[in-house]
Protein chains: 2
Amino acid sequence: MHCGADARVEVSCRGCALSRICLPARLSPPETRLLEQAVERGRPLAAGASLIHAGRRLQALYVVRGGSAKSIGLSIEGDEQILGFHLPGEVVGLEAFARDLHLCEVVALEPMRFCRIPVRRLEPLMQALPGLRREIIRLLGQSLQEAQRQRSCMGLADARQRLAGFLVDLSRRLEQRGLSARQLRLSMSRRDIANHLALTLETVSRTLSAFKRAGWLAVRLRQIEILQPQALAALSGAA
Amino acid sequence: MHCGADARVEVSCRGCALSRICLPARLSPPETRLLEQAVERGRPLAAGASLIHAGRRLQALYVVRGGSAKSIGLSIEGDEQILGFHLPGEVVGLEAFARDLHLCEVVALEPMRFCRIPVRRLEPLMQALPGLRREIIRLLGQSLQEAQRQRSCMGLADARQRLAGFLVDLSRRLEQRGLSARQLRLSMSRRDIANHLALTLETVSRTLSAFKRAGWLAVRLRQIEILQPQALAALSGAA
DNA sequence: CGGTACGTTGACAAGTTTCAAGGCCAGTGG
DNA sequence: CCACTGGCCTTGAAACTTGTCAACGTACCG
């Protein structure tokens, strides 16, 4: 299935609840107005449906509007690794700029809404709007730093540190979006978390139990309450 | 010390031996001519000297012209991880676009020459030359993919696979630059390799010895000959 | 009320790190 | 020229973390 888009629905970034977080956050009002004209709204996706298919040519960038998604990197041998989880306002698909080809499969974790910016419209806009060009480059640089940070984390941190870091990061990002930093409702399975952190699901489960025993978390399946944020933060940050 | 640059020396990218590998590789001759005017040649650096200081503002992108360098990512807690080794023709400093701030220290591994492209000159050029803009964005996308690939590697691969992958990658990159794909003269120490691969130097040493015993390599300190490239490639690629 | 996917827990095995000792090479000064 | 020193590299044995295999418990959905 091709990711359908209601091409000619009016989109208003300025009126969007995500405008403080999303692409327009650092654009001027006139720039945002011009960007709006290039943005299409996609038809909602069901949980498990693909927003981006690995192997497809880069035709558009996507922005999560509601729900959440995971990026799955596929190596030649067939092993998959989840490279990231995406929350509303986050731009996905940037890595495809390397070869105009998507190497990641992006899959909805729950019913999801999204926006779509075709590159054939983005290109001339980057020419016309220096602010938008800088913003795309900034986002690429940010993704690069995040990937490098995660790379270090995979190398240096043990299971407890990785899981603590995951929870702290998720908590922070949810808080940015106006949700509780304490009460997390995970949209991904233990298997997904384990894959993302390069652990086994058993280790994730055991480590969550250990945090629970230590009084740092209250865990009930995918509903997690952070009781000792500073303990988690110390573990994730301090080697 | 500020990284000195002989600002007004004439630079010719078209006459440079690296032009097939470096930034101009995908630019048109007219675009390359304009780019040349923005490029400065830096004063050679001694081994161990910093090309980029972590914490400094982004003022320029750098290109390795001769010798080699390592990028060291610094986390808050003080642990350092080598994020990559850089050969002639490679652009370094891109990750600073995230916050106009360099988070990596880039250090020469041996006497090194480099070029420098100030961002205040690059900005207007990206505006004027769509090809250069696309090329910078492509390079960012490529760095992002490489960082994600390495992230997966740290997670999924064991010591033998990581080291095999490291050697295969280095061999390929040296070959692109007209050097032997078989005879590698490592410019980095075992400690650096271990740090880069998130292993201990003992494990690197042991694994090299294992490859030697298997008849895959001839190892003499930093001089390495690859005897069975396909064995290394199979190990690095096949999970 | 099963059936199935998800999650938890335990015992054991494997791979890597840690700790410790020793070898090799280059540069230095007697 | 030689011995000495310090950095780099190699190798061995023990300890630890995580993966593997297996069993069991739990929520969700027909």
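Proteins get letters first, then strands, A, B, ... in listed order; numbering begins at 1 in each.
Taking a heavy-atom distance under 4.0 Å as the criterion, the stretch of DNA chain C touched by chain B extends 5' to 3' from C:dT16 to C:dC25.
Backbone-only contact: B:Ser209 has heavy atoms under 4.0 Å from sugar-phosphate atoms and none from a base. Counting any heavy atom pair closer than 4.0 Å across all strands shown, B:Leu208 reaches no nucleic acid atom. Within the 4.0 angstrom heavy-atom criterion, only backbone atoms of the sugar-phosphate kind lie near A:Ala198; the bases stay farther away. Within 4.0 Å (heavy atoms only), B:Arg160 reaches no atom of the nucleic acid at all.
In terms of modelled atom types and a separation under 3.5 Å, the side chain of B:Arg190 and the main chain of B:Leu221 share a donor-acceptor contact.
When the P atom of D:dG7 is taken as reference, atom CZ of B:Arg222 falls 14 Å away, rounded to whole Å. Counting to the nearest Å, the P atom of D:dC9 and the CG atom of B:Asn195 are 14 Å from each other. Here D:dT18 presents its P atom at 11 Å from CG of A:Leu163, a figure rounded to the nearest Å. Here D:dC16 presents its P atom at 17 Å from CD of A:Gln161, a figure rounded to the nearest Å.
A 4.5 Å side-chain heavy-atom check between B:Pro88 and B:Arg177 finds at least one atom pair inside the cut-off. Side-chain contact between A:Leu232 and A:Ile226: present, with at least one pair of heavy atoms (C-beta onward) separated by less than 4.5 Å.
Once rounded to the nearest 0.5 Å, the distance linking CG of A:Leu103 with OG of A:Ser71 reads 11.5 Å. Here the straight-line distance linking atom CZ of A:Arg149 with atom CE of A:Met154 works out to 8.5 Å at 0.5 Å rounding. Taking CD from A:Glu225 and CZ from A:Arg182, the interatomic distance works out to 7.5 Å, rounded to the nearest 0.5 Å.
Put simply, B:Ser189 has no side-chain N or O that comes within less than 4.0 Å of OP1 or OP2 on D:dG7.
Annotation for A:Arg99: atom CZ does not count as buried by contact number, only 12 or fewer foreign heavy atoms lying within 6.0 Å.
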Per-nucleotide protein contact string for nucleotides 20-30 of chain D (B base, S sugar-phosphate only, - none; heavy atom under 4.0 Å): BBB----S---

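Aromatic ring orientation, B:His102 versus B:Tyr62: tilted (interplanar angle from 30° to 60°).
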Output a table of donor-acceptor pairs, distance under 3.5 Å, between side-chain atoms of residues 204-214 of chain A and any protein atom two or more places apart or on a different chain; print 'none' if there are none.
| from | atom 1 | to | atom 2 | distance (Å) |
| --- | --- | --- | --- | --- |
| A:Thr207 | OG1 | A:Thr203 | O | 2.6 |
| A:Ser209 | OG | A:Ser205 | O | 3.0 |

